[in-house]
Amino acid sequence: MLSFIPFLVLVVLISCCVAVFGNATLDGASQVTLLVATAVSVLVGHFSKRLVWENLEREVTAKIASCTPAIIILLLIGAIGGTWMVSGIVPTMIYYGMQILRPEIFLVSSSLLCALVSLMIGSSWTTVATLGVALMGIGKAHGFDDGWIAGSIITGAYFGDKLSPLSDTTVLASSVSGTPLFTHIRYMMFTTVPTFCISLTVFLIAGLTMNVSGQGNVAEFMDGLRHTFVISPWLLVVPVLTGIMIARRWPSMVVLFLAILLAAVVGLVVQADLVHTIADQEGGGLVASYKGMMQVCYGATDIETGVPMLNELVHTSGMAGMMPTIWLIICAQTFGGALTATGQLEDLMRILLRWVRGTTSLVASTVGSALFCNIAMADQYLSIMLTSSMFRDTYHQRGYESRLLSRSCEDGATVTSVLIPWNTCGLTQSTVLGVATLTYLPYCFFNFLSPLTSIVVAAIGWKIRK
């Protein structure tokens, strides 16, 4: 029972952090909480099992070292988010996507649009906080209920986030389970795509049968994009080339680096004036181009479009914006190393595995543990890392592929975090959209069906090999 003490301390402190810091919990409070829980774990281990300090250092070092590829990828993701935005690639996709929003197909269109943007930028939070806010206004003008609008936005945003190679949770789930990034993404499609199709069908039927009227005013949004960026379908060549590289199974680091390079070149050629404005250097020239693109890669960029909501959408954070996530990963891995060195993780696993008999129960236990961690610790990152750490050896010993573990963690942790009112995701999205978590929960079909789909696919045995 002593092994539960560090988890209990972590749950209590995380709950206090969420209550006090709210949306800013990930800025540092969660990281400090993890270090405090690590200290408690070490203290308990010292008095109960005579912990050897050298073993602790070795385990912590090994845990952090295993996440080095994820940290590098996260930095590349920060750079690609900036370059793809400033080069006009993402704005072009948004511009053309908004032209399909008609009242009859608004729900399914908004979900598809959010999925597309989230897939390209790899962030459900950014998609919801920017494009989602605009879609809430358009949906209200059409006469839809808040729950339906928020549900379609969140469904699309988390679908794109889950399958995007730029998503920090996707990178994290694949890395901590020891699964190549694109192998993880391809395997997730067997549960994610069918669930998303079911959700889209529900939104399409609802939109066609609801008695709504009104016209959403998207002209201001589109004008802002057109006057700020050069919008051209030719810019979509970069994501097409990126997709080809992914399909050919190139290493993720190589794909991301080349995608950054391609977008940077396109940005310097097509959006030269915008890059010079970011550099804040008069006269333009080579120096301004170099300075502006470097700032786009490593730092925050604020672009004035004349539309406040659009300003938030095109804002990027670069590599610097990934530092809180990297900091959290290091602290979480430190906590995981302490649990491993003290044997507390093994004690907890022994209790959980009493109910595991076959593939279905193993996947159900993994999904359930991830969901429980989301509820108890109020953070999707912690849920992914702790669940993966607890079950990784079990999957290996029983001969299952690591991609089954990474998919089960995402199905249980990433998409359900937004459904929990006190979770950082649920708290953030409800605040941003102005809709209570329990109000939009019944309409987030993709989010609450994904864990069930994962268990059903495991029971069928589809694409599950030893």
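- Counted by atom type alone, Asp161 and Ser118 present zero donor-acceptor pairs between their side chains at under 3.5 Å.
- The CG atom of Leu34 sits 12.0 Å away from the CD1 atom of Ile330 when rounded to the nearest 0.5 Å.
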Walk me through it: do Ile80 and Leu76 pass the test side-chain contact (heavy atoms from CB on, under 4.5 Å)? CA-CA 6 Å; Ile80 201 173; Leu76 292 174; over 6 Å; no

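- For Ser450 (side chain) and Asn447 (main-chain N/O), no donor-acceptor pair under 3.5 Å exists by modelled atom type.
- Proximity of Thr416 to Pro451: side-chain heavy atoms (C-beta onward) are separated by under 4.5 Å at one or more points.
- Side-chain contact, Ser111 with Ser152: no donor N or O sits under 3.5 Å from an acceptor N or O.
- Residue Met85 holds its CE atom at 8.0 Å from OG1 of Thr301, rounded to the nearest 0.5 Å.
- A pairwise comparison of heavy atoms in Asn374 and Ala413 identifies ND2-O, 2.6 Å as the closest pair.
- With a 6.0 Å radius and a threshold of 12 heavy atoms from other residues, nucleotides or ligands, Phe257 has its CZ atom at or below the threshold.
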Test side-chain contact (heavy atoms from CB on, under 4.5 Å) on Thr170 and Met188 and set out the steps. CA-CA 10 Å; Thr170 303; Met188 278 199 300; 4.2 Å; yes

Apply side chain to side chain donor-acceptor pair (under 3.5 Å) to Ser177 and Ser402, showing your working. CA-CA 6 Å; Ser177 63; Ser402 62; 5.3 Å; no

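- No side-chain heavy atom of Val270 sits less than 4.5 Å from a side-chain heavy atom of Ser232.
- Of the possible polar contacts, none joining the Arg403 side chain to the Tyr187 backbone as a donor-acceptor pair under 3.5 Å is found.
- In this structure, Cys409 and Ala370 approach most closely via the heavy-atom pair O-CB, 4.1 Å.
- Residue Glu410 forms a side-chain hydrogen bond (donor to acceptor under 3.5 Å, both in side chains) with just one option from His184, Lys162, Gln380, and that option is His184.
- At a cut-off of 3.5 Å, with distance as the only test, a side-chain donor of Thr195 or Thr453 sits close to an acceptor on the other residue.
- Between Val415 and Tyr158, the shortest heavy-atom distance links the atoms CA-CD2, 4.3 Å.
- In this structure the side chain of Trp84 reaches within 4.5 angstrom of the side chain of Thr242, judged on heavy atoms.
- Ser454 pairs with exactly one of Thr192, Asp411, Thr366 by the side-chain hydrogen bond (donor to acceptor under 3.5 Å, both in side chains) rule, that one being Asp411.
- Here the straight-line distance linking atom CG of Leu163 with atom CD1 of Ile185 works out to 7.0 Å at 0.5 Å rounding.
- Remark: side-chain polar atoms of Ser199 are paired, donor with acceptor, to backbone N or O of Phe446 under 3.5 angstrom.
- The closest side-chain heavy-atom distance from Ser389 to Val176 is not below 4.5 Å.
- Looking at Val275 and Val86, their side chains come closer than 4.5 Å, going by heavy atoms from C-beta outward.
- Note that the OG atom of Ser124 and the CG atom of Leu119 stand 12.5 Å from one another [nearest 0.5 Å].
- Taking the six-membered ring where the residue is Trp, Tyr443 and Trp148 present tilted rings, their angle falling between 30° and 60°.
- Counting heavy atoms from C-beta outward, Thr305 and Arg226 have side chains that stay 4.5 Å or more apart.
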Can Val457 and Arg407 be said to form a side-chain contact (heavy atoms from CB on, under 4.5 Å), step by step? CA-CA 11 Å; Val457 169; Arg407 184 180 73 184; 3.8 Å; yes

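- Side-chain atoms of Ser388 never come within 3.5 Å of backbone atoms of Ile384 as a donor-acceptor pair (strictly under, hydrogens ignored).
- More than 12 heavy atoms of other shown residues, nucleotides or ligands fall within 6.0 angstrom of atom CE in Met253.
- The shortest side-chain heavy-atom distance between Leu235 and Ser87 does not fall under the 4.5 Å cut-off.
- Contact of the Leu204 side chain with the Leu200 side chain is not registered, since no non-hydrogen atoms from C-beta on lie closer than 4.5 Å.
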Apply side-chain contact (heavy atoms from CB on, under 4.5 Å) to residues Tyr440 and Ile153 and explain how you reach the verdict. CA-CA 10 Å; Tyr440 65 63; Ile153 292 168; over 6 Å; no

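- In this structure, a donor-acceptor pair under 3.5 Å is present between the side chains of Ser289 and His276.
- Thr127 OG1 to Leu116 CG: the interatomic distance, rounded to the nearest 0.5 Å, is 9.5 Å.
- Across Ile278 and Gly292, no two heavy atoms sit closer than the pair CG2-O, 4.1 Å.
- Here CZ of Phe335 is found 6.0 Å from CG of Leu386. Values are rounded to the nearest 0.5 Å.
- Smallest separation of non-hydrogen atoms from Thr437 and Gly426: OG1-O, 3.5 Å.
- The shortest non-hydrogen separation linking Ala288 to Ala279 is O-CB, 3.3 Å.
- Within the 3.5 Å criterion, the main-chain N or O of Phe229 finds no donor-acceptor partner in the side chain of Gln271.
- Using bins of under 30°, 30° to 60° and over 60° for the plane-to-plane angle, the ring pair Tyr395/Tyr400 lands in the perpendicular bin.
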